[in-house]
Amino acid sequence: MTTPGPTVRTAVHGYPRIGPDRELKRACESYWKGETTAAELDEVSARLRKDVYARLRAAGVDDIPSNTFSHYDHVLDTAVMFDLVPARFASPAAAGDRDEELRRYFALARGLQGAPPLEMTKWFDTNYHYLVPELAPGTRPRLVGDKPVAEFLEAAEAGYRTRPVLVGPLTFLMLSKPADEAPPGWEPIELLDQLLDAYGQLLVRLGEVGAEQVRFDEPILATDAGRRATDRLGHAYRTLGALTGRPRILVSSYFGSIGAEALRVLKESPVEAVGLDLVTDAEGIADLAAVSGLGGTGLVAGVVDGRNVWRTDVPAASATLGTLLALTDELTVSTSCSLMHVPLDLDAETSLPPELRGALAFAEQKAREVVLLGRMLSGQAAEEGAGSPPPAPSFTDARVRARLDALRPEALERPADRDVPAVGPLATTTIGSFPQTSELRRARAAHRRGETTREEYDEVLRREIDRVIALQEDIGLDVLVHGEPERNDMVQYFAEQLEGFATTENGWVQSYGSRCVRPPILFGDVSRPRAMTVEWTSYAQSRTDKPVKGMLTGPVTMLAWSFVRTDQPLGDTARQVALALRDEAADLERAGIRHIQVDEAALRELLPLREEHRARYLEWAVGAFRLATSGLSPSTTVHTHMCYSEFGAVVGAVEALDADVTSIEAARSRMELVEELGRRGYKRGIGPGVYDIHSPRVPSVEEIEAALRLAVRHVGPERLWVNPDCGLKTRGYEEVGQALRNMVEAARRVRATPGQ
């Protein structure tokens, strides 16, 4: 017989919003093509929201969140709701014109001819992307939308009492960027008071329609900048807390500890509850002790990992929760962050090895873990279940560990004097992938189902490579790629061929907008049984006299875009991946490939949010890249690529990679990193992206030419490469062909008159 315990509630921060079968992706893309109406898109969206509420209720979760759904991005939703839209986009649609409203919304994310989209970057250190609002001193926030209210009422009508979730005002402003017209030194946080007025109106409105509590998400507090903003934090929540008729306020942070000072400020403010991530950073409990607990302020304790797929260690989490009962009068068990960062349901997987499957939990299972912990703590359930076991002996490989132990320091060095192939000023190339056609996807699926032979599938791939090589030669690119028709995803493709990884059938996770990925599960020691890319790269090289780049995904990116084992340091795992890639790079070189690109798109993404942890990360991240590439000869050009991140904090690391050419996102960020590299005297090749592949718009020759001339002023034409922002797999051939022709023509013009 269990002994009754204290009353404990349960909650989750958020839930996957794409649907069990990626219904949101298909609905949005159908709408963009004009195949369905706004009403049909809204119907699918409403059905997906209600499915989430039903799943969470069935799991037994007490506090179900609303306003966590988005057609594209929750930061974009906030900007539109407060009319924080750049002037280059059309004025707000007339009331009731839903189709025009949606077109304007998606234009902000995807751009229009003559109106580039908002910049896109990573949501803290996750693989989710958000759109960066552009603000200026003349910006006037005002409440013009009612999405949180409408979704709360929609849920209530369906029988669900929800807790609306809002992006917190500090996080929203500190993630925004100054618009071009803003004066030097001005920062969006200066709009705080005006934005608080708009938030206040929304908060009161939510109270009027019956919301009992509203959650403000302030993950910015886990960063150094957020920790320094405690004065503004206190001001913001004293202001909102003073409103009459408001719901209860929960201020929640995640992705790390917020520090004792921020916790003290929130404890002394009028807010009723505070949410903490107690998984990512163990300092959270020490912070609570430092402020002598929260007393009458409630605590939402994030003890179930919302970002990785391993089962919760139930006894350990239960012990942690037990200590928290003495630090607050009102305890809620929760996930550490939104579950949108993990796949929906482990039950949808049928091919995972049993010993691995038993260690996993996806969103559906993690919601149940939250409920189990809540019931255990309140005495309604006996302790049951166990944490994910450590990797079994079969998950380790003595040969891999012996090779790493035998490496000498010189294994990380390439000769300073290199004889890399001369290509010429403003050399043109692409990042790697070309459009994945419906024919390719059908052929891959048919081969996977066993409906076609290997030779039949290979013939499809050869035809596509022939097409891509011919197209690039016709356009006039200098360094070609094979187009990657055999690859479903830049990480999954390698994970399927490396020991130590497992892949899922339905483990989809949203990356941005309608883009979904299936992150592999890195569970054991990593090794390469056989060559992975040599066959198709060599075939492509045989079809042209121009150089063809070999394309590999770097060790840090393999980790960042996978669910990684937690039983050893990330740096150790990265070295194992790097060793496998080193072997692959050597095989490419032996096959005659003289340009080899090792993509580290996620180098900035994994950068710790706090300065004190960054040096150690960059040490092993740079070391892993150099381990993967340093075995190449001085006559091979090593390329790397980084996409959609803010690079200022890692400029030194970009140099330390010692790559001969680094291509970067720059189309939406207006060459900011190129300017920084120029100031630092960067001596290697640099390829700033001049074609934004995340938008369907085709940049003009003049637009690309202007960007290149800006870049030439900072680094000079000899070291400047010309390329798109990222791979082209998500685009169509018609737009890609024209955009690349414009890119080559722009490079020709600048090459002819570089000093203009």
Flag, side chain of R543 to backbone of I469, donor-acceptor distance under 3.5 Å: no

Electrostatic pair R227-D224, nearest N-O below 4.0 angstrom: no

All side chain to side chain donor-acceptor pair (under 3.5 Å) counterparts of D77, not counting sequence neighbours: S70, Y105

Minimum-distance pair of heavy atoms, taken over all atoms of W186 and A136: CH2-C, 3.4 Å

Backbone of E484 reached by a side-chain donor or acceptor of S433 within 3.5 Å: no

Report all side-chain donor-acceptor pairs from residues 552-560 shorter than 3.5 Å, counting only partners two or more places apart or in another chain.
residue: T553; atom: OG1; partner: M490; partner atom: O; Å: 2.5
residue: T557; atom: OG1; partner: E600; partner atom: OE1; Å: 2.8
residue: T557; atom: OG1; partner: A601; partner atom: N; Å: 3.0
residue: T557; atom: OG1; partner: A602; partner atom: N; Å: 3.1

Distance-minimising heavy-atom pair for A585 and L632: O-CD2, 3.5 Å

Backbone N/O of A427 and side chain of D478: donor-acceptor pair under 3.5 Å: no

Minimum heavy-atom distance S253-L221, with the two atoms named: OG-CB, 3.8 Å

R684 side chain to D658 backbone, donor-acceptor under 3.5 Å: no

Flag, side chain of N742 to backbone of P699, donor-acceptor distance under 3.5 Å: yes

Test: K177 and E187 ion pair at under 4.0 Å: no

Ring-ring centroid check H74 Y128, cutoff 6.0 Å: yes

Cation-pi, Y254 ring and R307 (6.0 angstrom, 45 degrees): no

Note: E745-R741 ion pair, threshold 4.0 Å (strictly below): no

Residue pair E702, R749: steps toward the salt bridge (charged side-chain N to carboxylate O under 4.0 Å, His left out) verdict: CA-CA 10 Å; E702 292 72 22; R749 293 183 186 182; 3.4 Å; yes

Parallel, tilted or perpendicular: ring planes of W32 versus F106, cut at 30 and 60 degrees: perpendicular

Salt bridge R232-E190, side-chain N to carboxylate O under 4.0 Å: no

Test item: S538 side-chain N/O and V534 main-chain N/O as donor-acceptor pair under 3.5 Å: yes

E665 side chain to M120 backbone, donor-acceptor under 3.5 Å: no

Partner residues of T537 under the side chain to side chain donor-acceptor pair (under 3.5 Å) criterion, sequence neighbours left out: none

Ionic contact status for D489 with R515, cut-off 4.0 Å: yes

Intermediate values then yes/no, side-chain contact (heavy atoms from CB on, under 4.5 Å), V661 and K549: CA-CA 12 Å; V661 181; K549 279 192 293 186; over 6 Å; no

R626 with E413: basic N within carboxylate O range, under 4.0 Å: yes

Polar side-chain atom of E218 near backbone of T171 as donor-acceptor pair, under 3.5 Å: yes

E134 side-chain N/O to V85 backbone N/O, donor-acceptor pair under 3.5 Å: no

Among R719, R414, H639, H595, side-chain hydrogen bond (donor to acceptor under 3.5 Å, both in side chains) partner for D660: R414

Verdict with supporting geometry, T640 and D599, side-chain contact (heavy atoms from CB on, under 4.5 Å): CA-CA 5 Å; T640 189; D599 288 332; 5.6 Å; no

Any residue meeting side chain to side chain donor-acceptor pair (under 3.5 Å) with R616, in chain and number order, not counting sequence neighbours: E619

Ring-face cation contact, W620 with R575, 6.0 Å cut, 45° max: no

Side chain to side chain donor-acceptor pair (under 3.5 Å) involving R731 - partner list, sequence neighbours excluded: E735

Any residue meeting salt bridge (charged side-chain N to carboxylate O under 4.0 Å, His left out) with E584, in chain and number order, not counting sequence neighbours: R528

